[in-house]
Amino acid sequence: MTSCWNPASTYPGFHDHDIETLWIDKVPVLRRDPRRAFPFLARAFERHTIRDADVVVCSSSGWAHRVNTPAPKVVYCHNPARWLYQPNEYFPSMPGWARRRFVERTWRLRASDAAAARDASAYLVNSGAVAGRVRVTYGIDPMVVPPARGLSPEGPQTPIPGIEPGYLLTVSRHRAYKHTEAICAAVASMPGERLVVVGGAPTTAWPVGVTSVSDLDDAQMRWLYANAAALVAVAHEDFGLTPVEAQSFGIPAVVLRNGGYLDSTIENLTGVFVNNSSVPEVVAGIRSVRHRNWDADALRRCGDRYAPAVFAERMTRIVEDVLTQRSDGEDVASTVSLPEGDAEQSGHDGAESSSRSMIA
């Protein structure tokens, strides 16, 4: 279940599932641009009831955990709504007085959001950084369950014409917090260095040595990862999937010493840290990653911690734990825990779950 669903602009795997949407999806202008539905989303989720489920798993970054259900809710939180709790970061160009007015006028929304979060039987987050925000925002001590990587190395690879192996790679949308322009400027200042940018375009002309590509399929992305010398990722990320995807291909990364990168990157084993996203820091990080010898097999083993099967097993065990404790009448929210070893992000041999679940 989701608010809106556009089959043409999402992953083809969803076509194999029954997708239930809210009333918002029936309004063409809102379906084309769900951001226009902003005034209606909170109430739309709160008024939607899921009845035929043993457990409801909510993948949430703002609204899904508000869904109404008599079943226990397991919330997987990617981050408390950034626009609601981190307006300085989300609206950097908005005048200060406007952000203050926004905070003043959204207090009811924050109160109802916190109540919905505390209604969960188990509250999960994707990184230690998000866990800290959840503690401050909701007063909940969540479990950290790293997400599955988005792209696995298994599968076909399709070369991209005109790009020779050995380049640096960065993958991002065009957002200010991704700092793509700083990466481009750093590479442009390093004679002979090359950078391939996937998805994010700077506001100015592309510097010498920088190539932009977009609208790639998985086979092309696998080829880009497999033939890169290193990934550069200096965004402020709640988790950040690209470094763990790079690990699975045996590729090191230059990452910002911040956010989810602190969880996923092992210094000098899977990558190097930079202290900020300034051009001199990024240049220093690139030089450091270029001058080290990297163990590709060790990198791949680290990447295996984020294999989809590992994530699926952790989630299955947590759901089974919630259902068991629910049937025993225990206080699920305070007692559910990860299996031993998951705190170290190790894999396990798991069993399939027989429970029915609905994902919101």
Side-chain angles (χ1 to χ4, degrees), residues 1-2 13-14 16-17 50 52-61 64-65 67 69-79 116-135 138 140-152 154 238-241 244-245 247-248 260 262-264 266 300-360:
M1 189 276 289
T2 187
F14 283 109
D16 300 330
H17 300 276
I50 297 175
D52 186 24
D54 295 323
V55 63
V56 174
V57 179
C58 303
S59 176
S60 182
S61 59
H65 66 186
V67 72
T69 180
K73 281 193 287 190
V74 176
V75 176
Y76 190 89
C77 178
H78 305 279
N79 194 59
R118 289 192 286 268
D119 187 49
S121 296
Y123 209 87
L124 320 177
V125 294
N126 56 17
S127 71
V130 175
R133 294 175 198 147
V134 165
R135 292 186 191 101
Y138 299 138
I140 296 172
D141 191 19
M143 292 177 283
V144 177
V145 181
R149 62 190 179 222
L151 184 72
S152 292
E154 299 81 13
D238 305 322
F239 180 77
L241 285 173
V244 301
E245 289 176 350
Q247 290 171 22
S248 71
L262 295 173
D263 288 8
S264 62
I266 303 172
R300 293 187 187 96
R301 287 193 295 272
C302 290
D304 286 344
R305 298 177 300 167
Y306 305 96
V310 175
F311 176 75
E313 184 180 354
R314 289 176 183 147
M315 291 298 296
T316 297
R317 291 193 180 197
I318 290 169
V319 167
E320 290 176 341
D321 202 2
V322 166
L323 289 173
T324 299
Q325 294 177 38
R326 172 96 166 189
S327 65
D328 292 342
E330 298 181 29
D331 182 0
V332 178
S334 63
T335 59
V336 67
S337 60
L338 287 174
E340 184 177 354
D342 276 6
E344 289 76 38
Q345 303 176 3
S346 59
H348 302 273
D349 294 328
E352 292 184 2
S353 172
S354 59
S355 64
R356 291 175 293 122
S357 64
M358 174 73 76
I359 298 179

Are [X] and [Y] side-chain neighbours, meaning at least one heavy-atom pair lies under 4.5 Å?
X: H65; Y: Y123; result: yes
X: S59; Y: H78; result: yes
X: I266; Y: C302; result: yes
X: R305; Y: Q247; result: yes
X: L124; Y: C77; result: no
X: P308; Y: R149; result: yes
X: D304; Y: V310; result: no
X: V56; Y: V74; result: no

Smallest separation among heavy atoms of [X] and [Y], with atom names:
X: A122; Y: V322; result: CB-CG2, 4.0 Å
X: V244; Y: S264; result: CG1-CB, 3.6 Å
X: K73; Y: A116; result: NZ-O, 4.4 Å
X: G260; Y: S127; result: CA-CB, 4.1 Å
X: V134; Y: P142; result: CG1-CG, 4.0 Å
X: A53; Y: I50; result: CB-CG2, 4.1 Å

For this session: Quick one: list whatever passes side-chain hydrogen bond (donor to acceptor under 3.5 Å, both in side chains) with N126, sequence neighbours left out.
Result: none
Exercise. When you measure from the side chain of T69 to the backbone N and O of A71, does any donor-acceptor pair fall under 3.5 Å?
Worked result: yes
Problem set entry | Polar side-chain atom of E245 near backbone of G150 as donor-acceptor pair, under 3.5 Å | yes
Problem set entry | By ring pair (Phe, Tyr, Trp, His ring centres under 6.0 Å) - contacts of F239 (at least two apart) | Y306
Problem set entry | From CA spacing to verdict: side-chain contact (heavy atoms from CB on, under 4.5 Å), V67, M1 | CA-CA 10 Å; V67 72; M1 189 276 289; 3.6 Å; yes
What distance do [X] atom [atom1] and [Y] atom [atom2] have between them, rounded to the nearest 0.5 Å?
X: I140; Y: R135; atom1: CD1; atom2: CZ; result: 11.0 Å
X: S121; Y: I318; atom1: OG; atom2: CD1; result: 12.5 Å
X: S61; Y: N79; atom1: OG; atom2: CG; result: 8.0 Å

